[in-house]
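The structure under discussion appears below in the form of structure tokens.
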Amino acid sequence: MYICQVPSVKLLIRGIVQGVFFRATAKKVATSLLVAGTIKNTTEGHVEIFASGNTKQLNEFIEWCRKGPEKAKVENVDVVPIPDRSFADFKILR
């Protein structure tokens, strides 16, 4: 398990993560955890997230991403620390 100790991360979620309400559900979870950032589908069929928050918030969000919504089949979550980014809220990008 990756323990996040930075204020901002990039997540790349692989598996069956498109067409299963991953983005919409992730937005609800992020908002409830006070995590800010962006989420979008990639052309390769993955989901990419940039997220900011405190250590506890980000770790809880990352753990949720490892499971995803009910119909998702998450195979892998890459977690990459990035320079601190400020986001006003959590947005779904199209």
Side-chain angles (χ1 to χ4, degrees):
M1 173 167 92
Y2 178 85
I3 301 297
C4 181
Q5 297 180 342
V6 296
S8 297
V9 291
K10 174 185 174 184
L11 306 175
L12 186 63
I13 298 109
R14 294 183 177 98
I16 300 172
V17 293
Q18 291 189 11
V20 294
F21 298 99
F22 199 102
R23 293 177 300 157
T25 309
K27 178 178 171 50
K28 288 179 185 176
V29 171
T31 300
S32 74
L33 292 172
L34 303 177
V35 169
T38 62
I39 185 169
K40 70 176 185 175
N41 287 335
T42 70
T43 56
E44 296 85 10
H46 312 311
V47 169
E48 179 182 73
I49 301 172
F50 288 93
S52 292
N54 68 35
T55 300
K56 183 178 185 305
Q57 294 163 332
L58 287 175
N59 283 319
E60 286 183 35
F61 185 63
I62 291 166
E63 282 308 302
W64 179 86
C65 288
R66 293 187 191 287
K67 298 174 190 138
E70 184 180 339
K71 295 184 180 186
K73 301 278 191 260
V74 177
E75 294 173 3
N76 189 50
V77 177
D78 293 334
V79 181
V80 179
I82 60 171
D84 192 18
R85 301 204 26 200
S86 294
F87 299 98
D89 54 12
F90 198 88
K91 293 186 186 211
I92 297 172
L93 305 178
R94 301 223 163 13

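Side chains included, hydrogens not; waters and symmetry mates left out as well; all remaining heavy atoms used. All residue numbers refer to positions in the sequence shown, counting from 1.
Taking CZ of R94 as the reference point, atom CZ of R23 lies at 5.0 Å (rounded to 0.5 Å). Atom NZ of K10 sits about 10.5 Å away from atom OG1 of T38, to the nearest 0.5 Å. Note that CG of L34 is 12.0 Å distant from CG of D89, once rounded to the nearest 0.5 Å. Distance CG/L33 to CH2/W64: 10.0 Å, rounded to 0.5 Å.
In terms of heavy atoms, P69 sits closest to T25 at CB-OG1, 3.8 Å. A pairwise comparison of heavy atoms in P7 and L58 identifies O-CD1, 3.5 Å as the closest pair. Smallest separation of non-hydrogen atoms from G68 and F22: CA-CE1, 3.6 Å.
Of the listed residues (V47, I39, V74, I49), just one forms a side chain to side chain contact (heavy atoms under 4.5 Å, CB included) with C65, and that residue is I49.
The distance between the ring centers of F90 and F50 does not fall below 6.0 angstrom.
The environment of E70 atom CD is sparse: at most 12 non-hydrogen atoms of other residues, nucleotides or ligands sit within 6.0 angstrom. More than 12 heavy-atom neighbours from other residues, nucleotides or ligands sit within 6.0 angstrom of CZ on F87.
Judged by distance alone, the side chain of E60 and the main-chain N or O of A30 form no donor-acceptor pair under 3.5 Å. No donor-acceptor pair under 3.5 Å is formed between the side chain of E48 and the backbone N or O of L12. The backbone N or O of K28 lies less than 3.5 Å from no partner atom in the side chain of T31, so there is not a single donor-acceptor pair.
A chain of hydrophobic side-chain contacts below 4.5 Å, direct or via other Ile, Leu, Val, Met, Phe, Trp or Tyr residues, connects I92 to V9.
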With a 3.5 Å cut-off and sequence neighbours excluded, list the donor-acceptor pairs that the side chains of residues 77-86 form with protein atoms.
residue, atom, partner, partner atom, Å
D78, OD1, N76, ND2, 2.8
D78, OD2, R14, NH1, 2.5
D78, OD2, R14, NH2, 3.4
D84, OD1, S8, OG, 3.0

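Side-chain contact between V20 and Q18 is absent, with no heavy atoms from C-beta onward closer than 4.5 Å.
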